[in-house]
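In what follows, every chain begins at residue 1, and chains take the letters A, B, ... in the order their sequences are listed.
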Amino acid sequence: MKTNPEFFPLTDLASRFVDQLVQCRRLKLGVLEASEHHVLIELPYNKALIGYPETGVIHGGVITTLMDTASGTAVVCSIFDKYKSLELSPTLDLRVDYMKPAEPNKSVYGFAECYKLSSSVAFTRAIAYQDSIDDPIAHAVGSFMRISPDMVGEPFRRALMGEES
Amino acid sequence: MSETGIPSGQLNVKDLVKKANELNDFSHLLEHVPYAQFIGMQVSRFGDELVFQLPAKDDNIGNPTLPALHGGVIAGFMEMSAILQLMVFMQATKVPKVVDFSIDYLRAGHLKDSFAECKITRQGRRVANVSINCWQTNRKALIATARAHFLIE
């Protein structure tokens with residue numbers, strides 16, 4: 001898939017954030033693009049993630065993890081753009097609708113946006129797809145609690161900003 | 001068997017469940033699902049009840065500073081629990097397919113053993129509604145609650 005990370009200024013920040021999450025490294029999630037408006041993350045196919053052995057289709061839980069991660073990253077980017085601060089927002093709730101199974105041996109892409117940032121809650125929506133965003137695998141809506149930037153530990157803040165520790 | 005150790009072709013769900021019932025061991029149902037191995041979940045049966053377990057595992061961490069389990073892993077664990085619950089109590093011939101999954105996170109999931117139990121709220125001919133609760137140290141202090149629909153055929 002062709003992307004242009006240079007064009008999306010928050011790609012590096014989003015990438016460092018996702019790389020901090022252990023489970024995301026295990027899933028080999030890769031940030032392709034991130035801006036104040038959106039985040040696009042790639043989930044490569046991996047046989048270890050199969051949920052339906054008869055067909056080789058990956059487990060719904062993996063799609064949920066992709067959606068949660070993409071949505072949470074969109075919130076981080078949105079807050080960083082608006083307030084120039086880092087906040088880690090825990091997920092309050094997430095609903096995922098599955099339209100069709102993910103085709104085996106192909107990456108799944110998660111596109112998420114934070115469409116509303118209020119003083120205490122961030123609202124997100126996300127789409128998972130393979131060939132085209134107009135032919136989705138799943139759709140998700142979520143809400144995230146905003147917490148004080150002070151809750152982000154100094155080592156984590158440095159890691160996110162790409163500063164040497 | 002393929003190179004991954006996953007049986008290729010048809011999986012006889014009915015026979016697997018029957019065998020599990022006879023042996024009173026449901027863990028080998030999970031051995032057929034790579035993702036269940038990936039997160040390391042287990043299951044135990046107590047009489048008519050199934051209790052699902054997700055032992056604390058570093059790979060399942062999201063935020064490393066707390067450290068807390070990734071919300072997606074908790075969701076995946078709960079979804080797999082619901083699938084297994086349906087397979088065992090419904091005499092399913094196929095693995096149920098998830099239609100929608102809605103999770104509310106109530107507390108941070110710490111790096112501790114997690115447990116889940118499921119209730120089949122309604123089982124129709126084609127769709128089943130399942131609610132799932134997840135806790136860690138205290139069953140009354142849920143860390144997450146979810147409801148989901150599955151297609152059963």
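Proximity to chain B (any heavy atom under 4.5 Å) is shown, for A/V152, by neither the backbone nor the side chain. Neither the backbone nor the side chain of B/L69 has a heavy atom closer than 4.5 Å to any heavy atom of chain A. Heavy atoms closer than 4.5 Å to chain B are found nowhere in A/L66, neither backbone nor side chain.
B/V33 and A/I50 make their closest contact through CG1-O, 3.7 Å (heavy atoms, listed as atom of the first residue, atom of the second, distance). The two residues B/G76 and A/H59 come nearest to each other via the heavy atoms O-CE1, 3.7 Å. Across B/E79 and A/G61, no two heavy atoms sit closer than the pair OE1-N, 3.5 Å.
Counting heavy atoms from C-beta on, the side chains of A/Y98 and B/V99 never come closer than 4.5 Å. At least one side-chain heavy atom of A/Y52 sits under 4.5 Å from a side-chain heavy atom of B/K97. Looking only at side-chain heavy atoms (C-beta outward), B/Y105 and A/D68 come within less than 4.5 Å of each other. Residues A/C24 and B/H70 meet the side-chain proximity criterion, which asks for heavy atoms closer than 4.5 Å.
Your options are B/D59, B/D100, B/I61, B/V98, and the one with the most heavy-atom pairs under 4.5 Å with chain A is B/D59. Your options are A/H139, A/Q23, A/M145, A/R25, and the one with the most heavy-atom pairs under 4.5 Å with chain B is A/Q23. Most heavy-atom pairs under 4.5 Å with chain B: of the set A/T64, A/T91, A/V141, this distinction falls to A/T91. Ranked by heavy-atom pairs under 4.5 Å with chain A, the list B/A75, B/G62, B/A144 is led by B/G62.
Tracing side-chain contacts under 4.5 Å through hydrophobic residues (I, L, V, M, F, W, Y), one reaches B/F26 starting from B/I120; they form part of the same cluster. In this structure, A/V57 is a member of the same hydrophobic cluster as B/L86, with clusters built from ILVMFWY side-chain heavy atoms closer than 4.5 Å. Note: the hydrophobic cluster containing B/I39 also contains A/L27 (ILVMFWY, side chain heavy atoms under 4.5 Å, direct or indirect links). Taken together through direct or relayed side-chain contacts under 4.5 Å among Ile, Leu, Val, Met, Phe, Trp and Tyr, A/M161 and A/V39 form part of one hydrophobic cluster. With hydrophobic clusters built from ILVMFWY side chains whose heavy atoms lie under 4.5 angstrom apart, B/L29 shares a cluster with B/M41.
Expressed to the nearest 0.5 Å, how far CZ of A/R26 lies from CZ of B/F38 amounts to 4.5 Å. Atoms CD and OG1, on A/E154 and B/T65 in that order, are 12.0 Å from each other to the nearest 0.5 Å. Of the inter-residue distances, the one linking A/D93 atom CG with B/I103 atom CD1 reads 9.5 Å to the nearest 0.5 angstrom. Within the model, atoms CG of A/L49 and CD of B/Q37 stand 12.5 Å from one another, a figure rounded to the nearest 0.5 Å. Interatomic distance, CG of B/N63 versus CG of A/L21, reported as 7.0 Å (0.5 Å rounding). Taken to the nearest 0.5 Å, the CG atom of B/D104 stands 8.0 Å off from the OG atom of A/S143.
Between the side chain of A/T65 and the main chain of B/G72, a donor-acceptor pair closer than 3.5 Å is present.
Heavy atoms of other residues, nucleotides or ligands lying less than 6.0 angstrom from CE of A/M151 number 12 at most. Other residues, nucleotides and ligands contribute only 12 or fewer heavy atoms inside 6.0 Å of the NZ atom of B/K18.
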